[in-house]
Amino acid sequence: MKRKIIFTIFGIVFLMSGLSLSVKAQEWTPVQKEVWKNVNDYWALMTKGDITGFMEYFHKDYLGWDDESALPATKEETQKWLQYMYQGVKIPLYEIKPLGIRVYGDVAFVHYNYSLVRESEGKKKAEQGRWTDILLKQGNKWVLIGDNGGETSKDK
């Protein structure tokens, strides 16, 4: 019974936070909406295991830093690690929520939270975290030139 109450409260809080973010999103400029669409597009590729497609959203001079890494990584290093880490991994469920988007000409900063379920070897693990993506407009696409973030879940 206590567990059911906790899940109900979590669901209400989750719903309310989603509604407040939706209202914020409606106030975005067309450029901010375009940036967020690109973030959604590359997350969709990554979570379905399409690392090659995901990497097409990385600038050739990308340099990013996962919270668990000792040093920033280049595009090539990131691709190598992602291809290894996503072998046999499925992401059956994920959600990303924007916290802020700032656009300065052809450069954008995007702060967001994520939640996902990672499935590997028959085991499922829920994960939450945060990212800041730094994007550069190239043609009709916003590509990653840098990022920082990672898991914030308490049960790492």
Yes or no on side-chain contact (heavy atoms from CB on, under 4.5 Å) for N38 and L135, after CA distance, side-chain angles and deciding distance?
CA-CA 10 Å; N38 273 245; L135 302 151; 5.7 Å; no
Side-chain heavy-atom pair F54, Q79 within 4.5 angstrom cut-off
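SC-SC contact between F54 and Q79 ruled out.
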Where K75 and F58 come nearest, the two heavy atoms and their spacing
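Where K75 meets F58 most closely, the heavy atoms are NZ-O, 3.3 Å.
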Identify the heavy atoms of A44 and Y94 that sit nearest to each other, and give their distance.
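Looking at all heavy atoms of both residues, the shortest contact is CA-OH, 3.4 Å.
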With rounding to the nearest 0.5 angstrom, report the [atom1] to [atom2] distance, [X] to [Y].
{"X": "W131", "Y": "W43", "atom1": "CH2", "atom2": "CH2", "value": "8.0 Å"}
{"X": "M55", "Y": "L144", "atom1": "CE", "atom2": "CG", "value": "8.5 Å"}
{"X": "N148", "Y": "R130", "atom1": "CG", "atom2": "CZ", "value": "9.0 Å"}
{"X": "M46", "Y": "I51", "atom1": "CE", "atom2": "CD1", "value": "7.5 Å"}
{"X": "E127", "Y": "K125", "atom1": "CD", "atom2": "NZ", "value": "5.0 Å"}
{"X": "M85", "Y": "T78", "atom1": "CE", "atom2": "OG1", "value": "12.5 Å"}

Would you say CG of D61 has more than 12 non-hydrogen atoms from neighbouring residues, nucleotides or ligands within 6.0 angstrom?
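It does: D61 CG has more than 12 such atoms within range.
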Inspect the surroundings of NZ in K141 and state if more than 12 heavy atoms from other residues, nucleotides or ligands are less than 6.0 Å away.
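More than 12 within 6.0 Å, yes.
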What's the verdict on side-chain contact (heavy atoms from CB on, under 4.5 Å) for Y62 and V143, showing C-alpha distance, side-chain angles and the deciding distance?
CA-CA 9 Å; Y62 162 88; V143 296; over 6 Å; no
Side-chain heavy atoms nearer than 4.5 Å, only ILVMFWY residues, links allowed to pass through others: does that put [X] and [Y] together?
{"X": "L63", "Y": "W65", "value": "no"}
{"X": "W81", "Y": "L45", "value": "yes"}
{"X": "V89", "Y": "V117", "value": "no"}
{"X": "I145", "Y": "Y112", "value": "no"}
{"X": "I91", "Y": "I96", "value": "yes"}

D66 side chain vs G150 backbone, donor-acceptor pair below 3.5 Å
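Side chain of D66 to backbone of G150, a donor-acceptor pair under 3.5 Å: no, none is there.
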Please check: side-chain N/O of S153 versus main-chain N/O of Q128, any donor-acceptor pairing under 3.5 Å?
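Side chain of S153 to backbone of Q128: a pair is present.
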Aromatic rings W36 and W28: how do their planes relate, parallel, tilted or perpendicular, breaks at 30° and 60°?
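Answer is perpendicular, since the angle exceeds 60°.
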Can you tell me which residue among V110, V107, V103 is in a side chain to side chain contact (heavy atoms under 4.5 Å, CB included) with W142?
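Only one of V110, V107, V103 forms a side chain to side chain contact (heavy atoms under 4.5 Å, CB included) with W142, namely V103.
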State plainly whether the residues E151 and R118 are in salt-bridge range, i.e. N to O under 4.0 Å.
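Looking at E151 and R118, the cut-off is not met.
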Side chains of E56 and Y42: is there a donor and an acceptor less than 3.5 Å apart?
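The criterion, which ignores hydrogens and geometry beyond distance, is not satisfied for Y42 and E56.
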